[in-house]
Amino acid sequence: MTKLPFFLVLPLSGLAAFAEAQNASNNSYQFEFGATYSTSDADFITKSNNYSVDGTYYFAPVQLKDNPYAEAAFMERAGFVSLGGGYGENETKTACVSAASGTGRTSCRTGQEGSSAGVTTGFYVADIFYFEGSYSYSDNENKYNGRTFSSNNDYWSAAIGIAPMENMLLTTSFAEGNDLFGDNYNISGKYVIPFTSGQALNLEASYAYYKDAPDIADDDDWIVGGDYYFSRAFSVGGTFNSSDNYTLRSRYFFNQALSLDVEYSEQRDFLDIDTYSVGLSARF
């Protein structure tokens, strides 16, 4: 499988320079591009490098108005289409089993190298009903005990929702193997509360119920999250879920066109894993 080294940095640096060169007083944007690098740390992880890029086109210019920069598209109910791709290489060290003797070895390196691509589109009808659909494809090579296994998968999902009031959206989603209004169901909500002087509070929550799912410890899951905007340009927030996993995140806009975001997540439900990520985005 062909590597894609440094594919994050060079394209985005050119976009960032172009975006920054735009008129600083421009109060709208229609394109947004981003790149992210993430890595995970645990006792059994020996290598973890994951890269992704994405681009979004909004069907109409997104007006910033007095909204927080990061929430402008949501608060303006902007329709969009987004393309994304990623590449990752991860390696772990675990106990192995000999195929001949069936006895465990001291350690064995397992690895995964893969790439993915996807498209998502979302739009409002009559400024109140929301529809979203996505499709993704992945190509992976899994290595275990000196052997390599290749696989590829595609996946689709969709969501429908309603915006009952300003700055609020409620949705439910479905996908392959999970029919709409079937035995499994879910609901998600997002609400942004603007304050004075550019400050705001973003609240998010999701709940999902699974019927007859023996491979899932609990038959329901929930997650809550939020972000506080100290100004239109700077926010700090995070998430917490029913498995006691949490995420801390922050985003800062250097100007209306260029932003940096950082994130830390801690997973403690099955294995102890810490994940760090950093991203850069440009819009114009």
Measure centre to centre between the rings of [X] and [Y], then say whether the value is under 6.0 Å.
X: Tyr252; Y: Phe254; value: yes
X: Phe284; Y: Phe31; value: yes
X: Tyr124; Y: Tyr130; value: yes

For the residue pair [Y] / [X], report whether a side-chain donor-acceptor contact shorter than 3.5 Å exists.
X: Asn49; Y: Tyr37; answer: yes
X: Ser206; Y: Asn186; answer: no
X: Ser38; Y: Ser277; answer: no
X: Asn202; Y: Tyr229; answer: no
X: Asp221; Y: Asn241; answer: no

Backbone of [Y] reached by a side-chain donor or acceptor of [X] within 3.5 Å:
X: Arg232; Y: Gly198; result: no
X: Ser250; Y: Ser235; result: yes
X: Thr121; Y: Gly133; result: no
X: Ser231; Y: Ala233; result: yes
X: Ser82; Y: Gly55; result: yes

In this structure, would [X] and [Y] fall into the same cluster of hydrophobic residues linked by side-chain contacts under 4.5 Å?
X: Met165; Y: Ile193; value: yes
X: Phe253; Y: Phe74; value: yes
X: Tyr135; Y: Tyr155; value: no
X: Val192; Y: Val62; value: yes
X: Tyr57; Y: Leu83; value: yes

Worked check of side chain to side chain contact (heavy atoms under 4.5 Å, CB included) between Tyr209 and Trp222: CA-CA 9 Å; Tyr209 173 80; Trp222 55 262; over 6 Å; no
Got [X] and [Y] here, is their nearest side-chain heavy-atom distance under 4.5 Å?
X: Thr171; Y: Glu132; answer: no
X: Thr247; Y: Glu263; answer: yes
X: Tyr185; Y: Tyr207; answer: yes
X: Val262; Y: Tyr264; answer: no
X: Arg249; Y: Thr239; answer: yes
X: Ser242; Y: Asp220; answer: no
X: Val81; Y: Val119; answer: yes
X: Asn167; Y: Pro194; answer: yes

For the atom pair [atom1] ([X]) and [atom2] ([Y]), what is the distance rounded to the nearest 0.5 Å?
X: Lys190; Y: Glu204; atom1: NZ; atom2: CD; answer: 4.0 Å
X: Phe59; Y: Phe80; atom1: CZ; atom2: CZ; answer: 8.0 Å
X: Gln30; Y: Tyr58; atom1: CD; atom2: OH; answer: 10.5 Å
X: Leu170; Y: Ile160; atom1: CG; atom2: CD1; answer: 11.5 Å
X: Thr39; Y: Asn50; atom1: OG1; atom2: CG; answer: 7.5 Å
X: Ser173; Y: Ile187; atom1: OG; atom2: CD1; answer: 10.5 Å

What pair of heavy atoms forms the shortest contact from [X] to [Y], and how long is it?
X: Ala163; Y: Leu169; answer: N-CD1, 4.2 Å
X: Ile273; Y: Ser40; answer: CG2-CB, 3.9 Å
X: Gly114; Y: Asn140; answer: CA-OD1, 3.5 Å
X: Asn142; Y: Ser151; answer: ND2-OG, 3.9 Å

Residues in ring-ring contact (aromatic ring centres under 6.0 Å, His included) contact with Phe230, at least two apart in sequence or another chain: Tyr228, Phe234
Check ion pair Glu32-Arg283 (N to O, under 4.0 angstrom):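 Yes, Glu32 and Arg283 are salt-bridged.
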Salt bridge flag under 4.0 Å for residues Arg251 and Glu71: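 Not counted as a salt bridge, because no side-chain N and carboxylate O are separated by less than 4.0 Å.
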Tyr276: partners by side chain to side chain donor-acceptor pair (under 3.5 Å), with sequence neighbours left out: none
Phe240 atom CZ, neighbour heavy-atom count above 12 within 6.0 Å: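 For Phe240, atom CZ is crowded (more than 12 foreign heavy atoms under 6.0 Å).
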Side chain to side chain contact (heavy atoms under 4.5 Å, CB included) assessment of Gln256 paired with Asn27: CA-CA 8 Å; Gln256 295 180 3; Asn27 286 317; 3.5 Å; yes
